[in-house]
Protein chains: 2
Amino acid sequence: MKNGEKSGNSRAPRRVTAAMVAEHAGVSTATVSLVANGKSAGRVSAANEQRVRESIRELGYFVDSIGSSLAKGVSSLVVLVAPDISNPFFAKVIAGVRSVLASDYQLLLSVTDAGVSPSASETRKIMGLRPAGLLVHAPSQDFLEEISSTLPLVALDAPGIDPAIPAVNMDVAQGARDVAAHFAAQGHTRAAYLDASTGTETLAVRREAFLAAAKEYGIEVLPASVASSMIDVAAASAAFSQHWPTWREAGVTALGCATDNHAFGVLHASRQLGLSIPQQLAVAGFDDLPYSATSNPSITTVELNAQEVGRQAALKLRALLDGKSPDPLQTTLPSSLVVRGSTLENAGG
Amino acid sequence: MKNGEKSGNSRAPRRVTAAMVAEHAGVSTATVSLVANGKSAGRVSAANEQRVRESIRELGYFVDSIGSSLAKGVSSLVVLVAPDISNPFFAKVIAGVRSVLASDYQLLLSVTDAGVSPSASETRKIMGLRPAGLLVHAPSQDFLEEISSTLPLVALDAPGIDPAIPAVNMDVAQGARDVAAHFAAQGHTRAAYLDASTGTETLAVRREAFLAAAKEYGIEVLPASVASSMIDVAAASAAFSQHWPTWREAGVTALGCATDNHAFGVLHASRQLGLSIPQQLAVAGFDDLPYSATSNPSITTVELNAQEVGRQAALKLRALLDGKSPDPLQTTLPSSLVVRGSTLENAGG
DNA sequence: CTGTTAGCGCCTTCAA
DNA sequence: TTGAAGGCGCTAACAG
């Protein structure tokens, strides 16, 4: 009568608890706990284990992660903080993470507004879940300061991050340099850059590396030739339409874009402006979206191995969760330029 | 000494508990709870409330959702089960959901493998979190049976679902009919259909509606003219390449695609096959991805208002969480055909 | 108005 | 090998 009959909050159809299973199997809750968590080896008799398993099945019991988390002080949740799921790129990152975390941890995504790290209140809510670990895409410095050292955390796509924080980056700088080199090789001498207006660090790196490399290769990029828009095809299209007349007058013949989404916007605008790509303007992007190979012209872009980013990050997190230190603490994955029609005058597309 | 000094699991830097705040403010934990949850109106003296607030700030306390959930029997979590985040379409759905759930609930995404509802074990894990409610995209019947009636749930994009389950659908059938009508109006008499191989119901509806409407409009679609591939540009491209020779011989001049991703695959393949679209083959898709307007040719497609789907679903869930019954229980949002270059012989793109 | 108390469901010593 | 018991942090009843 102590706890078997009480109806509690009454509403729900009485959830199955370990106590019920214990009673049903004629053992104690401790035994149920052991069996349910696969820790029964050598600690529970075969007979009892068998009984418990049957009861679990019959009653449809499953461990309540709330109670479990409270008792253990930590959940088996891994939260992936995702500031930009609209980017198809991101789906691959997730696939990579899933392939590693598999069944041991429960992966959940916390989505924030486009390109923004979680607010302080969102962060608190996440922490309130007592996740076992965090995977954070393009974290802001503020965000990291707010939680770092509190729990296992791996940053993804966070160039320039504190070297003490485990991270997996992509060598976007090299990719940007490759773009500049490619433009130079094609004989371009005046270029522009369409940046993303969200403040993510990786985007700043792309821009700066491009500008520096362009300079090196003797390509002129006037300050007025750097524009920006949100990561959104329509926004990029509008931004380009607005700037093109000026750029054209300045003799710009090549355009670097912060993302393929931007490049799509440029393609879109160019059609309306009657501007032919790549003949009048060579365009290159970043990310190699699945759509980038099939547009017309297809888009020259920097390919980033998104799935591998997710995989490596998850591996590092696992190490952390196992109490080890990831080795190496930070990894930078290579990027590679994929040359396609949008920068090749003599190609079909 | 009772609970203040114990080091517990030792590892973490001792989380701030309500008990600490209570002690610091010289009140009981109950008072802290009331204040922290904004339920202090008329139940806590102004002086105490003030004291508690200060202590909360000083100590950096925040409500532990684990403890809270355990005590209340339910969390403030809303889990969105997402079988296909790789589809850019989905980002908009999320935006819609977020706009409604805002700060009252915590939205978390549970990602499954492409196009598949969560497995039984994944489902149990989700249930173990004791979410306040569930939003499920394209749920399978199995999945619904496993959890329905256990907790508030709204299905998204689930045509043909049990009419007793709250749901928000899109009128994809009308969209498919519009495609067929459009083909007929363009004078096509033989068509093919490139289906998606994932078993989602919405895709079956698209296919069947298209086939039925085609028949009605006097367009012949031979059984051999229905192929399928995964929702993936590359896979669709391969599938089309394989089938095109046969279809061509059969006199097929129009192709309906289950998704825009498929259509992209077809565009890709057509370029390699030297097949010109729309002159030799008219192609239409579904979803109106942001990229679909900027491909070449741009893609004729059925536009679905993704954001609104998310918004409406979240509204229904809110009603459920407030103990009301959503009205109406199920909503079907209209879809509309967007005619673009891929089906217009005389257009530029 | 405020504090005390009794669990929520589970896991983990500690004895037996 | 097993059971009893305490406590994780919080909230809702119930006394004061």
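Residue numbers start from 1 in every chain, and the chains themselves are labelled A, B, ... in the order their sequence lines are given, proteins ahead of strands.
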Per-helix bend value, the helix from C:dC1-D:dG16 to C:dA16-D:dT1, C1' rotation axes over five pairs per end, 10° rounding, shows 40°
Sugar-phosphate atoms are those with a prime plus P, OP1 and OP2; base atoms are the rest. Using that split, label each nucleotide of nucleotides 10-16 of chain C B, S or - for protein heavy atoms under 4.0 Å, 5' to 3'.
BSB----
Set of salt bridge (charged side-chain N to carboxylate O under 4.0 Å, His left out) partners for B:Glu201, sequence neighbours left out
none
Among all residues two or more places apart in sequence or in another chain, which pass the salt bridge (charged side-chain N to carboxylate O under 4.0 Å, His left out) test with B:Arg51?
none
Just to verify, what does A:Ala155 make a side-chain contact (heavy atoms from CB on, under 4.5 Å) with, not counting sequence neighbours?
A:Pro139, A:Ala158, A:Ile161, A:Ala167
Please list, chain by chain and in numerical order, all residues satisfying side-chain contact (heavy atoms from CB on, under 4.5 Å) with A:Asp142, sequence neighbours excluded.
A:Ser140
What residue pairs, at least two apart or across chains, pass salt bridge (charged side-chain N to carboxylate O under 4.0 Å, His left out) with a residue in residues 96-111 of chain B?
A:Asp113-B:Arg98, A:Glu122-B:Arg98, B:Asp104-B:Arg318
Please list all pairs meeting salt bridge (charged side-chain N to carboxylate O under 4.0 Å, His left out) that have one or both residues in residues 20-44 of chain B, counting only residues at least two apart or in different chains.
none
Distance check needed: [N] [atom2] versus [X] [atom1], whole Å only.
X: B:Met20; N: D:dG9; atom1: CE; atom2: P; answer: 7 Å
X: B:Leu70; N: C:dG7; atom1: CG; atom2: P; answer: 14 Å
X: A:Glu23; N: C:dG9; atom1: CD; atom2: C1'; answer: 15 Å

Criterion side-chain contact (heavy atoms from CB on, under 4.5 Å) against B:Pro326, the qualifying member of B:Leu320, B:Leu317, B:Val168, B:Thr331
B:Leu320
By nearest-nucleotide position on DNA chain C, the 5'-leaning member of B:Asn48 and B:Arg130 is B:Asn48
List the atom pairs, donor and acceptor, that lie under 3.5 Å between side-chain atoms in residues 59-66 of chain B and the rest of the protein, sequence neighbours left out.
from: B:Asp64; atom 1: OD1; to: B:Ile66; atom 2: N; distance (Å): 2.6
from: B:Asp64; atom 1: OD1; to: B:Gly67; atom 2: N; distance (Å): 3.1
from: B:Asp64; atom 1: OD2; to: A:Arg130; atom 2: NE; distance (Å): 2.5
from: B:Asp64; atom 1: OD2; to: A:Arg130; atom 2: NH2; distance (Å): 2.4
from: B:Asp64; atom 1: OD2; to: B:Arg15; atom 2: NH1; distance (Å): 3.2
from: B:Ser65; atom 1: OG; to: A:Gly128; atom 2: O; distance (Å): 2.8

